[in-house]
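What follows is a set of notes on a single structure, which appears directly below.
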Amino acid sequence: MIDWSTCPAVESDPSRVSGAWVFRSTRVPVAALFENLEDGASIQDFVQWFPGVSLEQVRTVLEHAARSSAAVV
């Protein structure tokens with residue numbers, strides 16, 4: 001399981017989106033990124049479909065997930 005609390009591109013607030021981890025200053029769940037990528041969307045598609053989420057935020061989330069996965073191995 002990824003510890004999102006150390007990722008600067010995301011935040012969790014119990015009063016927004018049921019406390020799910022979302023891209024900072026948005027209501028877009030981090031899980032939506034991974035679901036869309038799994039369904040074949042590109043990063044550019046995702047940023048276009050979800051205004052308010054920046055390319056830099058997506059890169060930061062993906063890098064954080066990769067580092068977290070590497071630490072588990």
Checklist outcome for this item: Here the gap from Gln57 atom CD to Leu62 atom CG, rounded to the nearest 0.5 Å, amounts to 11.5 Å
Item to check | From Ile2 atom CD1 to Arg67 atom CZ, the distance as rounded to the nearest 0.5 Å | outcome: 10.5 Å
Next on the checklist: Working to the nearest 0.5 angstrom, can you tell me the gap between His64 NE2 and Ser69 OG?
Outcome noted: 9.5 Å
Item to check | Rounded distance [0.5 Å steps], OG in Ser68 versus CE in Met1 | outcome: 11.0 Å
Next on the checklist: Starting from Val10, can I reach Val17 by hopping between I/L/V/M/F/W/Y residues whose side chains sit under 4.5 Å apart?
Outcome noted: no
Checklist entry - So do the side chains of Phe23 and Thr60 get within less than 4.5 Å of each other, counting heavy atoms only? => result no
Item to check | Where at least one partner belongs to residues 27-47, residue pairs that pass side-chain hydrogen bond (donor to acceptor under 3.5 Å, both in side chains), sequence neighbours excluded | outcome: Ser42-Asp45
Item to check | Least distance between heavy atoms, Pro8 atom then Thr6 atom | outcome: CD-O, 3.5 Å
Checklist entry - Same cluster or not: are Val22 and Val61 linked, directly or through other Ile, Leu, Val, Met, Phe, Trp or Tyr residues, by side-chain heavy atoms under 4.5 angstrom apart? => result no
Checklist entry - Would you say the side chain of Trp21 lies within less than 4.5 Å of the side chain of Ser5, judging by non-hydrogen atoms? => result yes
Checklist outcome for this item: Output for pair (Trp49 CH2, Leu33 CG), nearest 0.5 Å, gives 11.0 Å
Item to check | Contacts of Phe50 that satisfy ring-ring contact (aromatic ring centres under 6.0 Å, His included) - sequence neighbours left out | outcome: Phe46
Item to check | Backbone N/O of Val53 and side chain of Thr26: donor-acceptor pair under 3.5 Å | outcome: no
